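Heads up: the structure comes next, in structure tokens.
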Amino acid sequence: MYKTRRSYFSATRVAVIAMFATLAGLLYVFGFPIAAAFPFWLELNFSDIPALIGTFALGPVSGAIIVFVKILIKLIIKGTSTVFVGELADLVIGVAFVVPSGLIYKKMRTFKGALLAMAVGTVCSTTMSILANWLVLVPFYRQLFFKGSWDPLVGAMQALFGERCTQATFYNFYLWCSVLPFNLMRCIIAVVVTLPVYKHISRLINKLNDKLTPPKPDGGEGEGAKKLDKRTVITIIVVAVVCALLVAGVLLRYFLTK
């Protein structure tokens with residue numbers, strides 16, 4: 001009796017990953033500050049929504065790919081103002097959100113499992129954002145843009161919190177009164193939108209996959225069963241080429257606009 005197997009990177013999966021990544025990349029481009037509540041460099045965008053929905057529908061590996069590709073798309077369209085450091089931090093923060101969520105939901109495909117998955121993802125992503133800002137982003141921005149001066153950063157925070165924010169207390173105000181609530185809000189928005197729709201999208205993807213990629217017989221221990229079929233190899237090559245072209249486009253844009 002034959003078992004059925006499917007290629008992980010089926011044509012359907014690759015197409016859906018591309019769709020979610022493109023949508024996430026466009027939403028990432030249109031980030032905007034909330035000047036009344038947070039310093040101007042913290043820009044809210046809604047790119048976590050398609051990344052999280054795609055993770056729940058396709059799995060944590062696909063979610064990580066969506067986050068990676070969305071950043072490449074943003075870099076091609078908008079470029080970088082931080083020599084890629086800000087985008088690298090967004091990559092780590094985004095992966096910290098979708099991968100734990102995807103891993104937990106993969107084991108607990110229930111409503112409670114989804115709630116737990118998104119709660120853990122929110123905690124991981126928020127924690128990573130605090131660490132990234134404390135250890136990398138603030139020191140980098142201060143040296144690159146302000147030649148080591150604290151005055152512009154402290155001044156921006158004083159506009160929100162008054163004279164209580166000084167160089168000595170900057171991290172207390174910035175990390176716990178800005179970075180923490182900002183990233184909690186970002187994750188909660190993604191959770192609120194994802195929760196009612198992910199099941200429907202997942203079913204739609206599965207139905208589409210059943211139609212476009214029918215299951216193939218798996219011979220089990222045979223040598224042929226261990227080999228990748230030609231379609232899978234072609235799909236992987238196409239994905240690798242597209243990613244390489246995106247990276248090349250990012251680098252070309254960066255060096256041409258320096």
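Counting from 1, the numbers follow the sequence of the chain as shown. From a predicted model like this one, the values you see are computed outputs, not experimental measurements.
Linking Ile, Leu, Val, Met, Phe, Trp and Tyr whenever their side-chain heavy atoms come within less than 4.5 Å puts L42 and F46 in one cluster. Note: the hydrophobic cluster containing F20 also contains L75 (ILVMFWY, side chain heavy atoms under 4.5 Å, direct or indirect links). In the hydrophobic cluster analysis, where Ile, Leu, Val, Met, Phe, Trp and Tyr join through side-chain heavy atoms closer than 4.5 angstrom, F32 is grouped together with M185. Residue F97 is not grouped with residue V92 when hydrophobic side chains (ILVMFWY) are merged at heavy-atom distances under 4.5 angstrom, including chains of intermediate members. At a threshold of 4.5 Å between side-chain heavy atoms, the hydrophobic network of Ile, Leu, Val, Met, Phe, Trp and Tyr places V67 and I76 in one connected group.
From N133, atom CG reaches atom CG of N183 across 7.5 Å, with rounding to the nearest 0.5 Å.
Within the 4.5 Å cutoff, no side-chain heavy atoms of S129 are placed close to those of F182. Counting heavy atoms from C-beta on, the side chains of I71 and Y28 come closer than 4.5 Å. Side-chain contact check for M157 versus P152: every heavy-atom pair is 4.5 Å or farther apart. At least one side-chain heavy atom of V85 sits less than 4.5 Å from a side-chain heavy atom of L137. For the pair L52/M118, a side-chain contact is recorded, criterion being any heavy-atom separation below 4.5 Å from C-beta on. Residues P50 and L27 form a side-chain contact, since some pair of their non-hydrogen atoms from C-beta on lies under 4.5 Å apart.
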So I189 and L44, side-chain contact (heavy atoms from CB on, under 4.5 Å) or not? Walk me through it. CA-CA 10 Å; I189 289 171; L44 180 65; 4.2 Å; yes

Can I66 and V98 be said to form a side-chain contact (heavy atoms from CB on, under 4.5 Å), step by step? CA-CA 10 Å; I66 291 169; V98 300; over 6 Å; no

Report the C-alpha separation of L26 and I77 in whole Å, then their side-chain angles, then the decisive distance to 0.1 Å, and conclude whether the side-chain contact (heavy atoms from CB on, under 4.5 Å) test is met. CA-CA 9 Å; L26 293 175; I77 296 174; 4.0 Å; yes

May I have the step-by-step check of side chain to side chain donor-acceptor pair (under 3.5 Å) for S125 and R186, ending in yes or no? CA-CA 10 Å; S125 182; R186 174 183 61 81; 2.7 Å; yes

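Within the structure, every pair that satisfies the ring pair (Phe, Tyr, Trp, His ring centres under 6.0 Å) test and touches residues 62-93, not counting sequence neighbours, is listed here: F84-Y254. Contacts classified as salt bridge (Lys or Arg N to Asp or Glu O under 4.0 Å) and involving residues 84-94 (residues at least two apart or in different chains) are given here: K74-E87.
Nearest heavy atoms, A190 versus D48: CB-CB, 3.8 Å. Pairing each heavy atom of A37 with each of L160, the nearest pair is O-CD1, 3.9 Å. Contact between K78 and V29 at its shortest, heavy atoms only, is NZ-O, 3.2 Å. Across every non-hydrogen atom of A114 and L195, the tightest pair is CB-CD1, 4.5 Å. Taking each heavy atom of P100 and C124 in turn, the nearest pair found is CG-SG, 4.0 Å. Considering every non-hydrogen atom in both K70 and S47, the closest pair reads NZ-OG, 2.8 Å.
When atom types are taken as modelled, the side chain of S101 and the backbone of A117 share a donor-acceptor pair closer than 3.5 angstrom. Between the side chain of T110 and the backbone N or O of G113 there is at least one donor-acceptor pair closer than 3.5 Å. A donor-acceptor pair under 3.5 Å is absent between the side-chain atoms of R142 and the main chain of S149, judged by distance alone. Within the 3.5 Å criterion, the main-chain N or O of P33 finds no donor-acceptor partner in the side chain of E43.
Between the side chains of S62 and R13, a donor-acceptor pair is found at a separation under 3.5 Å.
Residues that satisfy the side-chain contact (heavy atoms from CB on, under 4.5 Å) test with L184, not counting sequence neighbours, are T122, T126, L180.
Taking the six-membered ring where the residue is Trp, Y141 and F145 present tilted rings, their angle falling between 30° and 60°. Using cut-offs of 30° and 60° on the angle between ring planes, the pair Y171 and W150 is perpendicular. The aromatic rings of Y105 and Y198 sit perpendicular to each other, their planes meeting at more than 60°, with 30° as the lower class boundary.
Shown are I130, V138, L153, V154; of these, the side-chain contact (heavy atoms from CB on, under 4.5 Å) with Y174 is made only by V138.
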